[in-house]
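Below: the structure, in structure tokens.
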Amino acid sequence: MSEKFLGGQDRVVRVGTTVRRERKPWSDRVAELLRHLENAGFRQAPRYFGTEGDTDVLEFLPGEVGNYPLTSAARSTTALISAAKLLRAYHDATAEIAATMPGGWMLPDQEPAEVICHGDFAPYNCVLRGEEVVGLIDFDTAHPGPRAHDLGYAVYRFAPLTDPANEDGFGSVEEQAVRVKLFCDSYGVTDRAAILASAADRLRDLVQLMRTQAASGHEGFASHLAAGHDQVYLRDIEYLEANAEALSTRSRKPPPAPRALPSNPAVPSRSACAPGSPSGPTT
């Protein structure tokens, strides 16, 4: 019996303990990456089983995916810390191959090629069991690059570093600063100002990608622009830059337990550059 997951711009189908995904021009690179992760003992990513026709067959990772609006579990401190540790473990597992896999990815390589960036490390691409982040899915946007390239976007999504108008966010600037420090400390990075600068750069790249793809006729990105997603990211960039100093300084107060917030359909609840992110516990 199959189960369909709809999310982003792809259809993902679960069949028993496997997941079937449509092959893309960069699928061979992703397959190489997943095979390396398995051989390296990184078991928080799905195993790659091969192809059936025009689909890839991957392992199904059981658990809950952090779709928006985020649950209290996905917003918890435990999820934040475990996500940072998972990202560090993933990066460390790819460091030895980053320089040996140039080109062939969905997104362009970035220099220096320290690791294979996931490219879209966010709650909707993480698998949770309870409050613990235990898995990482959807490697369509993976590509060689610096650790900070992934870290900036991860902190943006998990802190989260959003303008108050973005209803997928939560917390005051001070509360977000605490979460930034927790994430960076748990990963093992000290230069939080550099990570915040990387977050703003990633959002600028995302806006450019959306506009370029929409102009070339990509219907998915065109719909994102029509919904005003680029404007949301631009406001978030302004928010990041206006509060950079405060966000990179630890608050003395612990963050309160996050409260549930309504989701605004007009606000993007997932990255526009991750067309394959499923809206269910898949790979």
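Reckoned from all heavy atoms, side chains included, excluding hydrogens, waters and symmetry mates. As the structure is a computational prediction, the values presented were derived from the model and not from experiment.
Asp120 and Arg157 are not joined by a salt bridge, as no carboxylate oxygen comes within less than 4.0 angstrom of a charged side-chain nitrogen. A salt bridge does not link Glu132 to Arg129: none of the charged side-chain nitrogens sits closer than 4.0 Å to a carboxylate oxygen. With respect to the salt-bridge test (charged N to carboxylate O, under 4.0 angstrom), the residues Asp54 and Arg23 do not qualify. The residues Asp201 and Arg204 are annotated as salt-bridged, a charged nitrogen and a carboxylate oxygen being separated by less than 4.0 angstrom.
Closest heavy-atom contact between Ser198 and Ala148: OG-O, 2.7 Å. Pairing each heavy atom of Ala79 with each of Leu128, the nearest pair is CB-CD2, 4.0 Å. The two residues Cys117 and Pro146 come nearest to each other via the heavy atoms SG-O, 3.3 Å. Here the closest heavy-atom approach between residue Met210 and residue Asp230 is recorded as CE-N, 3.7 Å. Across all non-hydrogen atoms, the minimal contact from Gly135 to Leu61 is CA-CD1, 4.3 Å. Among all heavy-atom pairs drawn from Ser186 and Ile81, the shortest one is OG-CG2, 3.4 Å.
Formation of a donor-acceptor pair under 3.5 Å by the Gln176 side chain with backbone atoms of Val173 is not found in this model. Using modelled atom types, one side-chain atom of Ser27 and one backbone atom of Lys24 make a donor-acceptor pair closer than 3.5 Å. Proximity of a side-chain donor or acceptor of Thr55 to a complementary backbone N or O of Arg21 within less than 3.5 Å is not detected. Of the possible polar contacts, one joining the Asp191 side chain to the Ala194 backbone as a donor-acceptor pair under 3.5 Å is found. With hydrogens and angles ignored, the 3.5 Å screen pairs a side-chain donor or acceptor of Arg202 with a backbone N or O of Gly119. At least one donor-acceptor pair under 3.5 Å links the side chain of Ser248 to the backbone N or O of Ala244.
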side-chain contact (heavy atoms from CB on, under 4.5 Å) between Thr162 and Asp168, intermediate numbers included: CA-CA 8 Å; Thr162 54; Asp168 284 329; 6.0 Å; no
Step-by-step side-chain contact (heavy atoms from CB on, under 4.5 Å) determination, Phe121 to Cys126: CA-CA 8 Å; Phe121 192 92; Cys126 289; 3.9 Å; yes
Derivation of the side-chain contact (heavy atoms from CB on, under 4.5 Å) call for Leu161 and Leu247: CA-CA 9 Å; Leu161 304 177; Leu247 288 168; 3.9 Å; yes
Derivation and outcome, side-chain contact (heavy atoms from CB on, under 4.5 Å), residues Leu203 and Tyr153: CA-CA 8 Å; Leu203 293 183; Tyr153 193 74; 4.1 Å; yes
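Under the 4.5 Å side-chain heavy-atom criterion for Ile, Leu, Val, Met, Phe, Trp and Tyr, Phe49 and Val127 are members of distinct hydrophobic clusters. Val115 and Phe183 fall into different hydrophobic clusters, where Ile, Leu, Val, Met, Phe, Trp and Tyr side chains are chained together by heavy-atom contacts under 4.5 Å. At a threshold of 4.5 Å between side-chain heavy atoms, the hydrophobic network of Ile, Leu, Val, Met, Phe, Trp and Tyr places Leu136 and Tyr156 in one connected group. Placement of Leu70 and Tyr124 within a single hydrophobic cluster is found when ILVMFWY residues are connected by side-chain heavy-atom separations under 4.5 Å, directly or transitively. Cluster annotation: Val19 is not connected to Val57 through the hydrophobic network of ILVMFWY side chains, with a link wherever side-chain heavy atoms come within less than 4.5 Å.
Looking at Asn125 and His118, their side chains never bring a donor and an acceptor atom within 3.5 Å of each other. Side chains of Arg20 and Thr18: a donor on one and an acceptor on the other come within 3.5 Å. Side-chain contact, Arg235 with Tyr239: no donor N or O sits under 3.5 Å from an acceptor N or O. Side-chain atoms of Ser223 and Glu219 include no donor-acceptor pair closer than 3.5 Å. There is a side-chain donor-acceptor pair under 3.5 Å between Arg147 and Tyr187.
Within the 4.5 Å cutoff, the side chain of Phe170 has heavy atoms near those of the Arg179 side chain. Residues Leu225 and Arg211 have side chains in contact (heavy-atom distance under 4.5 Å, counting atoms from C-beta outward). The side-chain heavy atoms of Pro123 and Phe158, taken from C-beta on, include a pair separated by under 4.5 Å. Side-chain contact between His149 and His143: present, with at least one pair of heavy atoms (C-beta onward) separated by less than 4.5 Å. Residues Ile237 and Glu241 are in side-chain contact: their nearest non-hydrogen atoms beyond the backbone lie under 4.5 Å apart. Val65 places a side-chain heavy atom less than 4.5 Å from the side chain of Ile137. Side-chain contact between Val13 and Val15 is present, with at least one heavy-atom pair separated by less than 4.5 Å. Proximity of Asp205 to Gln208: side-chain heavy atoms (C-beta onward) are nowhere separated by under 4.5 Å.
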Less than 3.5 Å apart, which donor and acceptor atoms pair up between the side chains of residues 95-110 and the rest of the protein, not counting sequence neighbours?
{"residue": "Thr100", "atom": "OG1", "partner": "Ile97", "partner atom": "O", "Å": "2.7"}
{"residue": "Trp105", "atom": "NE1", "partner": "Met101", "partner atom": "O", "Å": "2.9"}
{"residue": "Trp105", "atom": "NE1", "partner": "Gly103", "partner atom": "O", "Å": "3.4"}
{"residue": "Asp109", "atom": "OD2", "partner": "Gly103", "partner atom": "N", "Å": "2.9"}

All N/O donor-acceptor pairs, side-chain side in residues 34-43, below 3.5 Å, sequence neighbours left out:
{"residue": "His36", "atom": "NE2", "partner": "Ala93", "partner atom": "O", "Å": "2.6"}
{"residue": "Asn39", "atom": "ND2", "partner": "Arg35", "partner atom": "O", "Å": "3.3"}
{"residue": "Arg43", "atom": "NH2", "partner": "Glu59", "partner atom": "OE2", "Å": "3.4"}

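Annotation: the span from Lys85 atom NZ to Asp185 atom CG amounts to 11.0 Å, rounded to 0.5 Å. The CD atom of Glu245 lies 12.0 Å from the CZ atom of Arg192; values are rounded to the nearest 0.5 Å. A distance of 10.0 Å separates CG of Asp140 from CD of Glu22, quoted to the nearest 0.5 Å. Distance check, rounded to the nearest 0.5 Å: NE2 of His218 to CG of Leu209 gives 8.5 Å. Once rounded to the nearest 0.5 Å, the distance linking CD of Glu131 with OG of Ser82 reads 9.0 Å. With rounding to the nearest 0.5 angstrom, the CG atom of Leu234 is 13.0 Å from the NE2 atom of His229.
Taking the six-membered ring for Trp and the full ring otherwise, Tyr90 and Phe139 have centroids separated by under 6.0 Å.
For Arg88, the side chain to side chain donor-acceptor pair (under 3.5 Å) partners at least two apart in sequence or on another chain are Asp92.
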